[in-house]
Structure formats: structure tokens, C-alpha cells
Trainee: 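Submitted below is the structure of interest, expressed as C-alpha cells.
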Amino acid sequence: MSKVAVNLGALFDRFKVSRIFKRRELLLPDYVPSYLPHRDQQIYRLGLVLAPVLSGSRPSNVFIYGLTGTGKTAVTKYVLRELEKKAGSKVRYVYINCRHTDTSYRVIAELAQAVGQRVPFTGLSTSEVFRRFITGLERKQRFLLVVLDEIDYLVKKKGDDVLYFLTRINDQLSVSKVSIIGITNDLRFMDFLDARVRSSLGEEELVFPPYTSRELEDILKMRAEQAFHPGVLEEEVIPLCAAIAARQNGDCRLALDLLLKAADIAERLGEVKVRTEHVRMAQKEIEKNLAIDLIKSMPLHVKLVLAAILILHKKKVKVITTGGIYDQYTKLVQRIGVEPVTQRRVSDIINELDMLGVINAQVVSLGRYGRTKRIKLSVSESSIKEGLKEDLTLGDLWIELAS
DNA sequence: AATCCACAGGAAGTGCTGGGCG
DNA sequence: CGCCCAGCACTTCCTGTGGATT
């Protein structure tokens, strides 16, 4: 026992004082820095739109577009935080990520909780929760700024009636007011919206362009100065991270993640400098981990469908179609003794896999031979095998896949 | 030009879980 | 306790369709 304690102690000591990191937390994705380079214009414009709240009138609803990692969330949180500081208790903001909170009920429940109402996560009707939200808000007598991040998930998942509610909620309020800030990275999002919601939500629009490679370098340099000890980064490390991320739509989150993972790898290897090869390793790790984690978390039948696609892929079938997948899938299902789902469901599963980016599915017409989807894998075979491997319900199936 | 395949994908419903409320 | 709710994974039934072949 004491031996364990001694060994652990030594291990912890080695990590307690990092030779690379000074403040590692500054590179984590949810950290919002107090200065956001190359976003002055967006900060200013958002501030301009929201400022009326300080003099007691309701700000316009705002709609924010921009690809992932272009600073939408960071800028919004930053501006709102500053606004709250200035305004005192009469202005509050609620941040909701609609990817996690993806139904009307859950959104309204979270809003109700934000104004101090107790709400169970199930059991009540949506309208009841909405009523509680309104009474709670009226009691607080304040301006509520509702940030709906990744708002496209709401509409895609059939929860857009919240938007309708929220855009009209001010009619039902007397002492309080609500403004909505919608954030999305889907540029065609507005097209899917109900016309009334669209006009109300889009009172003001803000666009966040992707960062260029140069801008990403600036950001990384600034963060690195505070996050690392002086001189631990090899000179080309930052430009490389920036270049890789710039190729991915100028995604700043990816750039920071690359830098963080590269430094983690260097530290794990016991090196005192972060070098470009560590960045390359980080890049591979990020891509692979994303896919593997995703696959591991899938329900059984989704995994089976994916396994069926993998088998067809290995058999070098020229055109993989829905029908072919279903045949292969039913064979797999029989072998492990599970009831198959219908073809209709498999069709949906294929769409889900496509949305997740694991496969690429395209509707094509084969003329006389019908309409179907042409499916291709878009992650490596090895990642899929890795992701499917640990599922015990698949039994010895994966051994066959590995051959 | 008409036909017809092999599905796409919408609508509505089922059965189940995990929870209200009074 | 009985009856209500939401969410999920799925089914049943359905109408729609691009374009090679007849």
C-alpha cells in the first residue's frame, strides 16, 4: 500500500509542475478570453444592436451566421457578459445549446429554470412549463436575452414551435421583455423557417467570416504566450496548426485543439519542446478519436447497418445501395439472433450515418433499376473496426470483419 | 412517349421508459 | 393510486419519382 502511495506521489509530482504548460486551461474549448482578435467589428455590431437594453427598450432579435470555430459563441458570450456587468440585475442572459437541448420542452424547461422556476425534466405538458416560464419571468421583471446556439438542431428535430412561441412571447409579457439571439453554422437555415418566425428572428443579422491562416496565427500566438512557458514551442508549430485549421473552414476551435493535443503529446513523451511532428500526431488522433467515439456510442442496429456497409465495402461491391445493405444487414442479424428492423428504418439509419459524416449517401436514379442511395464510407476502415470491436453483442462478428 | 423499378421519405401510430400531478 | 406527459426506436401504410429501358 505504501509502495502505491510512493509511486503515485512520484507520478503526480511529475505532472504537478509541467515543463510545458503554464496555464493549460486557457486552451480548453470553453474558455472565453477577454480579448478576441479580429472580431472587433462583430463585437461592435452586436454591442450596437443590444445596447438599447441599457436605456430600457427591447433590443432587436439577432441572427448570427458563421461556420464552426469562427468565434460566434465566444463573441456572443463576451458581449453579453459585458452587457450584464453594465446593466446590473435588470438584464440577464440565458445560453442554451440546442444540440444538447434539442426539443421544445427542454428549451422552455431550461428557460423556466433560468428565471427561478422548478421544472422536472419530464412529466409536465409543454404548455404548462411555458406558463411557468412566463410567470417566473414576470416576477423577476427583467430583460431576458435568450441565446440559442446551434439553433438549426431545433428546427431539424421538430422543435420549431418554441421559436414561434418565443418570437411572440412579448405580447404576453407586461413588465419583462425577451430578445432572441440565434446562432447557426448552417447558412441555408433561414429557408427552413416559418415565414413569421423568419422575419421576427432576422431583425438583425450578423455574419462571421472564417478566420484566415494569418488571423489564426495571431490568436494562437496570443493564447500560447499565456498558456505555455517561454520557448517551449518550436517555431513552425503555430503556423502549422493555423494552416491545418485554415484548410478546415478557418476553424479556430480546431486550431486550439491541435495546439493543446500536440502539447499534451509532447508532455506525455517527456519532451521539453513541442515540435511539428507532435502536431501531425495530434491531427491524426483528433480525426480518429472523433470517429471511434461516435461509432462506439451508436445503438445496436446502427452499428449493424454500419457493419453491413463495411462488409460490402470489403467485398469490393461497385455500387453499394440501400437494398444491398439491407440484405447484408438481415444476414448479420440472423447470425447473432436478433430481430431485424424494417427497411424503412434502415433507410433512416443510413441517413443518420450520413448526417454524422461516417458515410456519404447520395440519392441516385438507376433508371429502369429504380431509385436508391449510393453509399460510400467516409471514415477509414480501421476506425470503424475499432469503433465496432468492443461491442459484445456483435460477438465474434468483428473477428470476421477484421480478416 | 410511356412504363416501371427500387427505393425515398412523409404521416401517423405503437410500446416502452421514466417521470410528473392531485 | 390512476391518469397524465415527453422521448425514443421503431412499425405500418403510404405516395412520389428520375431516368434507362421498352
Side-chain angles (χ1 to χ4, degrees), chain A residues 96-113 116-136 148 150 152-166 188 191-194 294-309 312 317-334 336-356 358-376 388 391 393-394:
Chain A
I96 294 177
N97 187 315
C98 304
R99 197 204 299 238
H100 308 122
T101 310
D102 59 355
T103 61
S104 334
Y105 182 87
R106 292 211 264 257
V107 169
I108 298 170
E110 222 166 285
L111 289 175
Q113 266 157 13
Q117 295 283 312
R118 212 191 113 260
V119 175
F121 69 86
T122 178
L124 263 52
S125 71
T126 310
S127 53
E128 166 61 18
V129 181
F130 195 67
R131 226 204 65 236
R132 288 193 190 183
F133 168 53
I134 288 180
T135 43
L148 297 173
E150 309 197 66
D152 38 323
Y153 280 85
L154 264 190
V155 179
K156 282 174 194 156
K157 275 210 147 189
K158 272 274 167 203
D160 50 348
D161 42 337
V162 213
L163 296 181
Y164 187 65
F165 273 135
L166 283 176
R188 296 164 303 123
D191 304 342
F192 299 121
L193 279 181
D194 181 294
L294 190 67
I295 293 168
K296 275 186 185 162
S297 68
M298 288 171 176
L300 177 63
H301 287 285
V302 182
K303 281 181 178 159
L304 286 167
V305 170
L306 187 57
I309 297 171
L312 293 176
V317 178
K318 336 98 231 157
V319 190
I320 302 179
T321 64
T322 309
I325 292 171
Y326 192 67
D327 287 346
Q328 187 63 53
Y329 160 83
T330 40
K331 278 184 208 157
L332 289 183
V333 158
Q334 252 173 33
I336 63 168
V338 179
E339 282 296 299
V341 299
T342 55
Q343 181 166 309
R344 178 69 186 83
R345 176 66 188 137
V346 168
S347 171
D348 275 344
I349 289 176
I350 289 170
N351 285 341
E352 285 166 25
L353 288 171
D354 183 31
M355 279 222 300
L356 293 170
V358 181
I359 62 171
N360 182 281
Q362 248 191 39
V363 252
V364 288
S365 178
L366 273 41
R368 221 328 93 105
Y369 307 104
R371 276 182 103 212
T372 183
K373 285 195 192 103
R374 190 199 297 142
I375 286 105
K376 286 186 205 146
L388 293 175
D391 201 318
T393 39
L394 295 176

Trainee: Between A:Tyr369 (OH) and C:dG19 (C1'), how many Å, whole number?
Mentor: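 Atom-to-atom, A:Tyr369 to C:dG19, this comes out as 12 Å.
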Trainee: Return the value, rounded to whole Å, for the distance between atom CG of A:Leu124 and atom C1' of B:dG20.
Mentor: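 So the CG-C1' distance, A:Leu124 to B:dG20, works out to 6 Å.
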Trainee: Grab the CD1-C1' distance between A:Ile108 and C:dA6 for me, whole Å please.
Mentor: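 Value for this atom pair: 12 Å.
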Trainee: Closest heavy-atom contact between A:Arg345 and A:Val341?
Mentor: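 Where A:Arg345 meets A:Val341 most closely, the heavy atoms are CG-CG2, 3.8 Å.
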Trainee: Within the pair A:Ser347 and B:dA8, is there a side-chain N or O less than 4.0 Å away from OP1 or OP2?
Mentor: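 Yes, within the criterion.
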Trainee: Which of the following nucleotides, C:dA6, B:dG9, B:dC7, is nearest to the side chain of A:Val363?
Mentor: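 Nearest nucleotide to the side chain: B:dG9.
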Trainee: Can you see if the side chain of A:Asn351 gets near the phosphate of B:dG9 - specifically, an N or O under 4.0 Å from OP1 or OP2?
Mentor: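 So the side chain of A:Asn351 is within the cut-off, an N or O lying under 4.0 Å from OP1 or OP2 of B:dG9.
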Trainee: Without decimals, in angstroms, what is the distance between A:Tyr326 OH and B:dC7 P?
Mentor: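 Roughly 12 Å, once rounded to whole Å.
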Trainee: Whole-Å distance between B:dC21 C1' and A:Arg118 CZ?
Mentor: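 Rounded to whole Å, this separation is 11 Å.
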Trainee: Nearest-Å distance, CZ (A:Arg374) to C1' (B:dA8)?
Mentor: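 My rounded result for the distance is 16 Å.
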Trainee: Walk me through whether A:Tyr153 and A:His100 qualify under side chain to side chain donor-acceptor pair (under 3.5 Å).
Mentor: CA-CA 9 Å; A:Tyr153 280 85; A:His100 308 122; over 6 Å; no
Trainee: Examine B:dC21: is either OP1 or OP2 under 4.0 Å from a nitrogen or oxygen in the side chain of A:Arg132? Give yes or no.
Mentor: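 For B:dC21, OP1 or OP2 has a side-chain N or O of A:Arg132 closer than 4.0 Å.
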Trainee: Considering just the side-chain nitrogens and oxygens of A:Lys373, establish if one lies under 4.0 Å of OP1 or OP2 belonging to B:dA6.
Mentor: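 Result: no.
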Trainee: Give me, pair by pair, the N or O atoms of the protein and of nucleotides 7-11 of chain C that are less than 3.5 Å apart, along with how far apart they are.
Mentor:
from	atom 1	to	atom 2	distance (Å)
C:dG7	OP1	A:Thr103	OG1	2.3
C:dC8	OP1	A:Arg106	NH2	3.4
C:dC10	OP2	A:Arg345	NE	3.0
C:dC10	OP2	A:Arg345	NH2	3.1
C:dT11	OP1	A:Thr342	N	3.1
C:dT11	OP2	A:Thr342	N	2.8
C:dT11	OP2	A:Thr342	OG1	2.7

Trainee: Between B:dA8, C:dC5, B:dC21, which one does the side chain of A:Thr322 approach most closely?
Mentor: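 Closest nucleotide among those given: B:dA8.
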Trainee: Using five pairs at each end of the helix from B:dA1-C:dT22 to B:dG22-C:dC1 to define an axis, what is the angle between those two axes, to 10°?
Mentor: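 Roughly 30°, once rounded to the nearest ten degrees.
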Trainee: Quick one: A:Arg368 CZ to C:dT21 C1', roughly how many Å, whole number?
Mentor: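 Value for this atom pair: 5 Å.
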